[in-house]
Peer 1: 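Okay, here's the structure, questions in a sec.
Letters go in sequence order (proteins before strands), and every chain restarts at 1.
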There are 2 protein chains.
Amino acid sequence: MASKDRILRLKEETRCNILDASLQIVKEEGWQALSMRKIADAIEYTAPIIYEYFSNKEAILLELTRKGYLILSRDLQEAKSKHRLPAKQLEAMWIAYWNFAFANKELYQGMFGVSTNCCEMVNKLPEADMPWDIFTEVIGELIGITDMESEIICKKYYTFWSVVHGLISINLLSRGFSDEMNRQVLRDAIGGIIRTIND
Amino acid sequence: MASKDRILRLKEETRCNILDASLQIVKEEGWQALSMRKIADAIEYTAPIIYEYFSNKEAILLELTRKGYLILSRDLQEAKSKHRLPAKQLEAMWIAYWNFAFANKELYQGMFGVSTNCCEMVNKLPEADMPWDIFTEVIGELIGITDMESEIICKKYYTFWSVVHGLISINLLSRGFSDEMNRQVLRDAIGGIIRTIND
DNA sequence: TAAATCATTTAACAGTGTTAAGCAAATGTA
DNA sequence: TACATTTGCTTAACACTGTTAAATGATTTA
């Protein structure tokens, strides 16, 4: 009777253990390898036990990404607090964002739906089937450089692509705004970067 | 004996049927719902038959994305051919790229690893757990606008985020360049956009 | 007509998420 | 202390997944 809160504490602990084990499996073997039975093995129980702590496998994933966003928020807040000028704050925040993504690759992938499956597939496709060359060609002409190995063209190309792919990804997932507005954002972004090309 | 090529033609046809059926299932029910038995149902065969045309389920996915890249390449080429100035060509190409992504949402997701699983999850998370507000705050201060509903801040914020998320996505998947170069690209992109903010 | 090849299916295996039934130990009650 | 009940956990099972091997039946070849 007096041990009621101790039991609750233990329950909370195994709940944490489930999440920790899950994250570790994901980090070591990828999202694809995460299975209920493997989690159960890690916490030295059998699979059905997990359903006393999470209603679903998806609920575990959801909680993992939720914790991911919390950590990211903390990192961003911390980065912001180290500067006073908004421009500096913003720069520090993006870098913190960047660091988080690469320090927690798998978690970031889970948070933003960058799947590992298809990544491996793309790497297996022949380079010739990819349309990247068309882009580098035109960007090369635009800035008057034909040497495809040039660092400048690489960077510009990279930046271009990131803007577009990022915009598309975000909109494919949660379609934040109207299509017209998205197009305008795209145009503005392209225009802005084209302007910086000749600097 | 004389019907050898006819048989080959039939074989080629069911191969196509497999791919078509797969793509249709993906379009209607998502990548997650694509199973060998469901494909078999669609082409009115049983599952093991598929293994006479594709060694794997992954081989089907690979072929689908390969065809996706081919279509994308064609669209880009076509967009490019309609202009002469590189700047105009580039703009048309990005818009073609954009259109392709949204006309073939599922295919694009498969090609670039934007998984549907996690997208649904993110939508289920409470808005409060997300760190977006921190960004909009700082960007608002930066451009001297505190009204969070402002269209300007939305667009700027959107653009910022796209650059970073796009860069990270691309690097997480296929880590194109060195970390130092990536950071420099990030800084340049941020610098460029900050400059365009006060226009 | 008999043999051999081909196309296709059925059966099976190991794995997945998930649920229901069972068991055994700890607890509450008389 | 003896019985009843709840609790913690496991085993068994279901429907599904990708994949492979064996069986079947039709078609072609000799």
Peer 1: Take atom CD1 of B/Ile50 and atom P of D/dG18, then tell me their distance rounded to the nearest Å.
Peer 2: 9 Å

Peer 1: Roughly, in whole Å, what's the span from NZ in A/Lys57 to P in D/dC16?
Peer 2: 18 Å

Peer 1: Hey, what's the ring geometry for B/Tyr97 with B/Trp94, parallel, tilted or perpendicular (30° and 60° as the breaks)?
Peer 2: perpendicular

Peer 1: Using five pairs at either end of the helix from C/dT1-D/dA30 to C/dA26-D/dT5, determine the angle between the two local helix axes and round it to 10 degrees.
Peer 2: 40°

Peer 1: Roughly how many Å is it from CD1 in A/Ile43 to P in D/dC9, rounded to a whole number?
Peer 2: 10 Å

Peer 1: Hydrophobic cluster membership, with links at side-chain heavy-atom distances under 4.5 Å among I/L/V/M/F/W/Y: are A/Ile60 and A/Leu70 in one?
Peer 2: no

Peer 1: Spell out yes or no: do the side chain of A/Arg37 and the base of C/dG17 have one donor N/O and one acceptor N/O closer than 3.5 Å?
Peer 2: yes

Peer 1: Report the distance from atom NZ of B/Lys67 to atom SG of B/Cys16, rounding to the nearest 0.5 Å.
Peer 2: 5.5 Å

Peer 1: Can you tell me if CD on B/Gln24 sees more than 12 non-hydrogen neighbours from other groups inside 6.0 Å?
Peer 2: no

Peer 1: Between B/Glu29 (CD) and D/dC16 (C1'), how many Å, whole number?
Peer 2: 15 Å

Peer 1: Measuring to OP1 and OP2 of C/dT18, would you say a side-chain N or O of A/Asn56 lies under 4.0 angstrom away?
Peer 2: yes

Peer 1: When the distance from OH of A/Tyr51 to P of D/dT7 is rounded to whole Å, what number comes out?
Peer 2: 22 Å

Peer 1: Compare every heavy atom of A/Ser22 with every heavy atom of A/Leu64, then report the nearest pair and how far apart it is.
Peer 2: CD1-CB, 3.9 Å

Peer 1: When the side chains of residues 44-52 of chain B are checked against the rest of the protein, which donor-acceptor pairs come out under 3.5 Å, sequence neighbours left out?
Peer 2:
none

Peer 1: Listing time: all N or O pairs from protein to nucleotides 5-9 of chain C that are below 3.5 Å?
Peer 2:
from: C/dT8; atom 1: OP1; to: B/Tyr45; atom 2: OH; distance (Å): 3.1
from: C/dT9; atom 1: OP2; to: B/Thr46; atom 2: N; distance (Å): 3.0
from: C/dT9; atom 1: OP2; to: B/Thr46; atom 2: OG1; distance (Å): 2.7

Peer 1: Roughly how many Å is it from CH2 in B/Trp31 to C1' in D/dT17, rounded to a whole number?
Peer 2: 17 Å

Peer 1: Out of curiosity, B/Met111 CE to B/Ile71 CD1, how far, rounded to the nearest 0.5 Å?
Peer 2: 8.5 Å

Peer 1: Rounded to whole Å, please give me the gap between CG in A/Asn17 and P in D/dC9.
Peer 2: 12 Å

Peer 1: Have a look at A/Leu34 and say if it touches a base, only the backbone sugar-phosphate, or nothing, with a 4.0 Å heavy-atom cut-off.
Peer 2: sugar-phosphate

Peer 1: Just to verify, which of B/Lys82, B/His83, B/Arg84 counts as forming a side chain to side chain contact (heavy atoms under 4.5 Å, CB included) with B/Gln89?
Peer 2: B/His83

Peer 1: What distance separates B/Asn104 CG from B/Leu23 CG, expressed to the nearest 0.5 Å?
Peer 2: 8.0 Å

Peer 1: Can you tell me the distance, in whole Å, between the CD atom of B/Gln32 and the C1' atom of D/dC16?
Peer 2: 12 Å

Peer 1: In terms of the nearest nucleotide of DNA chain C, which residue is placed more toward the 5' end: A/Lys38 or A/Ser55?
Peer 2: A/Lys38

